[in-house]
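In what follows, a single structure is set out as structure tokens and then discussed.
Each ligand, and each atom within it, is numbered from 1 in the order the structure gives.
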Amino acid sequence: MGSLKQRKTIRKYQQKDIPVDLLNDLLETAFRASTVGNMQTYSVVVTRDADRKGKLAPAHFNQPMVTAAPVVLTFCIDLNRFSKWCRQRQAEPGYNNFEWFVTGAVDALLAAQTFCVAAEEKGLGICYLGTTTYNPHLIIEALELPELVFPITTVTVGWPAEDPAQVDRLPLEAVVHEEVYHDYTPEDIDRLYAYKESLPENRQYVTENSKATLAQVFTDVRYTKKDAEAMSELLWNIMKKQGF
Ligand SMILES: Cc1cc2nc3c(=O)[nH]c(=O)nc-3n(C[C@H](O)[C@H](O)[C@H](O)COP(=O)(O)O)c2cc1C
């Protein structure tokens with residue numbers, strides 16, 4: 001797929017498997033990512049089975065990548081394994097709390113992203129699924145996750161069957177702050193978002209959704225406050241139910 005700077009998300013895959021050896025090698029590479037206290041507070045569930053993908057699909061609002069990709073990886077926060085090891089070695093673990101939920105999430109996401117970079121380097125295409133944290137209870141059920149294990153992100157992987165154009169990014173100066181944070185003036189915001197707002201596909205997006213601005217497509221259609229509040233409550237409740 002070329003250099004890391006040329007990368008892009010791939011959502012369509014060839015009907016061609018990923019050899020077990022290749023996948024395991026990529027996972028081993030992923031697990032070389034930095035990890036808190038060298039504890040590896042994560043697990044990865046590999047889904048290849050069509051029936052299991054079918055069970056996962058509704059949790060991801062039936063995004064077609066789940067059933068079309070040869071491999072679906074669910075990256076989970078895992079304080080279960082480490083806590084078991086502690087108890088088996090006369091040590092009392094204190095990892096059933098929000099602090100370790102966040103730490104486990106950081107750990108799992110570093111491993112996930114390292115996997116993605118390594119996979120793309122081998123010519124595979126990947127897509128993250130943010131829907132993992134929208135319906136965690138359905139994923140917990142489908143993958144039989146025990147207490148202190150929580151799905152934090154999903155990556156679909158396969159050989160690309162599309163070659164989409166790269167999508168835009170904000171300019172460097174929008175994201176990078178020299179020495180201290182420089183807050184944005186209204187003029188900065190106008191300038192930094194001008195390119196994104198000028199893109200024909202984004203203009204079309206505004207029209208299609210009968211909105212006045214691109215920002216309104218985000219706030220009123222794609223990521224609404226109402227949905228976010230409902231999902232926050234669910235996420236918190238399921239986190240508690242999983243023992244954190
Ligand atoms: C945490 C996270 C969740 C995402 N969730 C989805 C998703 O549910 N469905 C999807 O099609 N793409 C998803 N994506 C991919 C983004 O849409 C994509 O990275 C972004 O549009 C930029 O495109 P690019 O990766 O090709 O540069 C997700 C990406 C991240 C990092």
Do Gly130 and ligand 1 have an N or O pair less than 3.5 Å apart? yes
Side chain to side chain contact (heavy atoms under 4.5 Å, CB included) partner of Pro151, the single match among Ile238, Ile140, Ile77: Ile140
Which part of Cys127 is near ligand 1, with near meaning a heavy atom under 4.0 Å away: side chain, backbone, both or neither? side chain
I want to know if ligand 1 touches Thr153 in the polar sense, i.e. an N/O pair below 3.5 angstrom. no
Any idea which atoms of ligand 1 are less than 4.0 Å away from a heavy-atom of Arg7? 24 (P), 25 (O), 27 (O)
Side chain or backbone, does Gln63 bring an N or O within less than 3.5 Å of an N or O on ligand 1? yes
Contact with ligand 1 for Met65, non-hydrogen, under 4.0 angstrom: yes
Thr9 and ligand 1 - part of the residue with a heavy-atom distance under 4.0 Å: both
Given side chain to side chain contact (heavy atoms under 4.5 Å, CB included), test Phe150 with Phe101 step by step and report yes or no. CA-CA 8 Å; Phe150 198 97; Phe101 180 89; 3.6 Å; yes
Establish, yes or no, whether a centroid distance under 6.0 Å links the rings of Phe244 and Phe98. no
For ligand 1, which atoms sit closer than 4.0 Å to a heavy atom of Lys8? 26 (O)
Which heavy-atom pair separates Ser34 from Asp107 by the least distance, and what is that distance? O-OD1, 4.1 Å
